[in-house]
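Okay, here's the structure, questions in a sec.
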Amino acid sequence: MTARLEVDLTAFDANLAAARATIGPAELMVVVKDDAYRHGLEMICRRAWRDGVRWFGAFDVQNAAGVRAALGADARIFVWRAGTTSEIDDAVRQNLDIGVGDAAVLEDVAAAARTRGMRARVHLKIDSGLHRNGVRPENWSAFVDRAAELEVRGDITVAGVWSHIAEASDAEDDEARSVFDEAVDAARRAGLMPSVLHLAASAAAFARPEFRYDMVRIGAFCYGIRSAGGISEESLGVRPIASLRAPVHAVDHTVGVVRIGVGALDGLPSSLSGNMRVQTASGPRTVTAIGDQETTVEAWPDAVVGQMVTVYGSGASSATDLAEAIGTIGEEIALRVAPRVTRVYLDESGTTR
Ligand SMILES: *Cc1c(COP(=O)(O)O)cnc(C)c1O
């Protein structure tokens, strides 16, 4: 028996519905980087598509190829990390929506499209203060002028203007938003007609209507991962869709420990030992050590081999609760699920693997 990550697709549906009710009429882009935050790219994409989602946020061309394979030609797939000429060519060939935050990359995208006899769809990125690539405001006007030329030549279509914000303080985000607004105005003055403006990720999309523009890029909240130190799941109207469960594989009452694993928690930060409790048949028990091969938990009276405990998720702490105990964020916990942990999908029709 091994550990498993149970992904509740009905809860995912509900989170998507809550997100759309909150952010509408803006469009929802579901962010699926990191194997859909380790929930499994293919199943998550197919389910979101079934729920009516048409935009997917994929980090790079490999991630995007997975979305194309799952959903076919009609999905709009936004990538924001295509840097080498081969990645760029791949992005053009796959008909992706390409985030471009660099003048040289813009030239490479146009060249790749020209060579293929295609028109590349691009979203121009302004650096609105985060300094995680993006064109600096002082270089923006030359950048949009050049984009307008390439559009007239038929190499590219400027579908969007976008940026990414820290979501750490409202004041900084407001500053970023005014930089963004100026960049959009400048793009329009250059003759561009971007139809999708997008700036916000989960936190700003939910909390701040003026950040929604035409579309929001939401990862964490779709999976029910709330912000550390932020608004509760209940107030957001979402809930965690994943539960990590692990079998008891040895019980040692002489020293009062139960061993669980293998693979259940070995990816989790060892700083969680002593700082987290798992949910057992007899209630919560403290995790006393997190090791490479197995984890020990305070014993409970009726512990038996094969019994499951919940590490996080429904009936237990959330990934963000655990994260808060050690000063990190919920994604950090979610992304640590070891690859060998089996994923199991639950929905109204039962269980699938
Ligand atoms: C990860 C990411 C998002 C989604 O962020 P969440 O906080 O998980 O919603 C959006 N945009 C970009 C550029 C990202 O890298």
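Ligands are counted one by one from 1 in listed order, and the atoms in each one are counted from 1 as well.
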Examine K33 against ligand 1 and note whether any of their N/O atoms are separated by less than 3.5 Å.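 Yes; the residue has a nitrogen or oxygen that sits under 3.5 Å from a nitrogen or oxygen of the ligand.
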Looking only at distances, can you tell me whether any N or O atom of V31, backbone or side chain, sits closer than 3.5 Å to an N or O atom of ligand 1?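 No, there is no polar N/O contact under 3.5 Å.
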Nearest protein heavy atom with distance in Å, relative to atom 9 (O) of ligand 1: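 The protein heavy atom lying closest is S202 OG, 2.5 Å.
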What part of W80, side chain from CB on, backbone N/CA/C/O, both or neither, has a heavy atom under 4.0 Å from ligand 1?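 Only the side chain of W80 comes within reach of ligand 1.
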Pick one of side chain, backbone, both or neither for how R217 approaches ligand 1, counting any non-hydrogen atom pair under 4.0 Å.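 R217 to ligand 1: contacts from backbone and side chain alike.
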Between Y37 and ligand 1, find which residue part has any heavy-atom pair under 4.0 Å and reply side chain, backbone, both or neither.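 For Y37, only side-chain atoms sit under 4.0 Å from ligand 1.
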Checking salt bridge (charged side-chain N to carboxylate O under 4.0 Å, His left out) for the pair D102/R136: CA distance, chi angles, key distance, verdict? CA-CA 9 Å; D102 181 283; R136 301 275 312 143; over 6 Å; no
Say whether E167, considering both its backbone and side-chain N or O atoms, lies within less than 3.5 Å of an N or O atom on ligand 1.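 N/O-N/O distance below 3.5 Å does not exist for this pair.
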Polar-atom distance check: G219 versus ligand 1, any N or O pair below 3.5 Å?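 It does: an N or O of G219 is found under 3.5 Å from an N or O of ligand 1.
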A220 heavy atoms, cut-off 4.0 Å: which ligand 1 atoms fall inside?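 The atoms of ligand 1 under 4.0 Å from a heavy atom of A220 are 6 (P), 8 (O), 9 (O).
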Pair F206 + F221: ring centers closer than 6.0 Å: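 F206 vs F221: aromatic centres under 6.0 Å.
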Within the 6.0 Å centroid threshold, strictly below: Y213 and W162: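 Not under 6.0 Å, so no.
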